Amino acid sequence: MTPHHSPKNLANVDTPAVVLDLDRLESNIGRMAAVAREAGVALRPHAKSHKLPQVARLQLAAGATGLTVAKLGEAEVFVEAGVGDILVAYPIWGESKWHRLCELRRRAQITTCADSAEVVDGLSRAATAHGVEIPILVEVDTGFERCGVAGPREAVALARRITESPGTAFAGVLSFAGQSYGAQPGPGLEAVAASDARRLLGAAEAIRECGITVPVVSAGGTPTARQVARISGITEVRPGAYAFSDRDQAALGWGTLADCALTVVTTVVSRPTPERAVIDAGTKAFSSDQSIQDAAFGAIIDHPELTPLRLTEEHGILHVPAGMRLDIGTRLRVIPNHGCGTLNMHDNVTVVRDEDVIEEWTVAARAKMR
Ligand SMILES: Cc1ncc(COP(=O)(O)O)c(C=O)c1O
């Protein structure tokens with residue numbers, strides 16, 4: 001059997017398939033671990049990006065102190081997989097979720113965050129009933145205008161409430177500078193990191209002035225992780241997308257397209273006109289995530305001359321330049337705009353080193369929306 005016909009070769013994997021390149025993954029994990037190590041901050045990768053216990057283990061082995069997740073369902077998967085320290089960075093609301101959080105707290109070091117008295121009070125009641133203590137970070141809005149208290153005064157009030165409530169412990173402050181996705185690489189990202197840190201550290205300082213210790217000052221996001229990690233007073237960074245990277249991260253300067261570990265392997269299934277080709281992957285394979293740059297749905301490896309125009313559910317439509325030969329049956333590998341959303345569409349990921357298929361991993365924490 002030639003390597004091409006080996007079932008262990010990528011060329012034989014049926015399409016569309018999402019493929020994870022282990023060499024690139026390990027390199028990205030190592031690069032971010034070095035960023036945190038050299039800056040002297042803790043690294044708590046957001047695992048909603050990769051959804052894979054196997055990747056979590058690599059991150060922890062490279063020095064991550066624990067994981068971040070958004071949803072309790074994700075936390076449950078990673079605790080089950082043996083991860084002992086998880087931040088649920090999301091406002092947890094409602095009796096059934098408070099119950100699940102307390103149950104998890106018995107099994108692992110679980111921290112969460114809040115930006116309202118309502119969430120703190122609910123967590124306090126549940127923790128008291130369960131006989132556990134829930135550490136809570138106060139989320140501060142540093143310009144993304146999503147969750148987070150507005151400023152130092154509100155942060156102090158919530159920190160006090162957490163400190164004074166039974167069953168809860170104040171753990172520090174947290175922000176997510178998602179506005180970085182609208183910034184220019186280089187100086188633009190430096191400016192976002194600086195204003196994120198200034199507002200987060202301002203809240204931390206106001207809380208300290210009230211005599212409350214602020215152990216953790218945690219800032220999020222891949223685009224600004226390198227910049228914010230170096231700012232004095234920041235104790236932790238929570239990048240997520242860095243492990244796979246994707247077309248948008250490359251555009252923002254987290255490596256290049258050659259560092260992207262996640263790709264979708266597709267096949268040309270139709271050539272209706274000389275300038276149009278159709279591949280067998282649409283939004284079911286890529287998700288509908290738009291790029292921060294343009295209307296393209298990804299980048300075609302080795303074929304920058306092909307323009308990925310648009311997706312329907314099962315079709316990807318490409319523009320083919322005049323005179324280019326592109327036969328039906330040709331396999332194309334596409335770097336998605338957004339790796340996190342892409343992997344969320346797949347039950348399994350094919351794991352490769354170069355063209356060799358190593359394993360198939362179940363995407364254990366996919367689609368955990370509760
Ligand atoms: C609260 C929080 N922290 C960290 C991250 C990780 O950010 P990124 O995906 O930019 O690395 C996210 C991503 O959405 C987030 O919502």
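Read the numbers this way: they start at 1 and go in the same order the structure lists the ligands and their atoms. Here the structure is a predicted model, which means the values were calculated and not measured.
Contacts between Tyr181 and ligand 1 below 4.0 angstrom, taking non-hydrogen atoms only, involve the side chain exclusively. Contacts of Pro223 with ligand 1, taken as heavy-atom pairs under 4.0 Å, involve the side chain alone.
Summary of contacts: the protein heavy atom closest to atom 9 (O) of ligand 1 is Ala241 N, 3.5 Å. The protein non-hydrogen atom at the shortest distance from atom 12 (C) of ligand 1 is Phe176 CE1, 3.4 Å.
Between the side chains of Thr224 and Ser180, no donor N or O sits under 3.5 Å from an acceptor N or O.
No side-chain heavy atom of Glu103 sits under 4.5 Å from any side-chain heavy atom of Arg107. Within the 4.5 Å cutoff, side-chain heavy atoms of Leu326 are placed close to those of Leu306. You'll find the side chain of His130 reaches within 4.5 Å of the side chain of His99, heavy atoms only. Using a 4.5 Å heavy-atom cutoff, the side chains of Arg100 and Arg370 are in contact.
In terms of polar-atom proximity, Cys340 is not counted as a contact of ligand 1, lacking any N or O under 3.5 Å from an N or O of the ligand. Taking only nitrogen or oxygen atoms, main chain and side chain alike, Pro239 does not reach within less than 3.5 Å of ligand 1. Taking distance alone, with nitrogen or oxygen atoms compared against 3.5 Å, Arg238 approaches ligand 1 more closely than that limit.
Using the six-membered ring where Trp is involved, Trp254 and Tyr242 have ring planes that are perpendicular, over 60° apart on the 30 and 60° scheme. Under the 30°/60° scheme for interplanar angles, the aromatic rings of His50 and Phe78 are found to stand perpendicular.
Near Thr222, meaning under 4.0 Å from any of its heavy atoms, are these atoms of ligand 1: 8 (P), 10 (O), 11 (O).
Nearest to atom 16 (O) of ligand 1 by heavy-atom distance, out of His338, Arg146, Lys48, Gln249, is Arg146.
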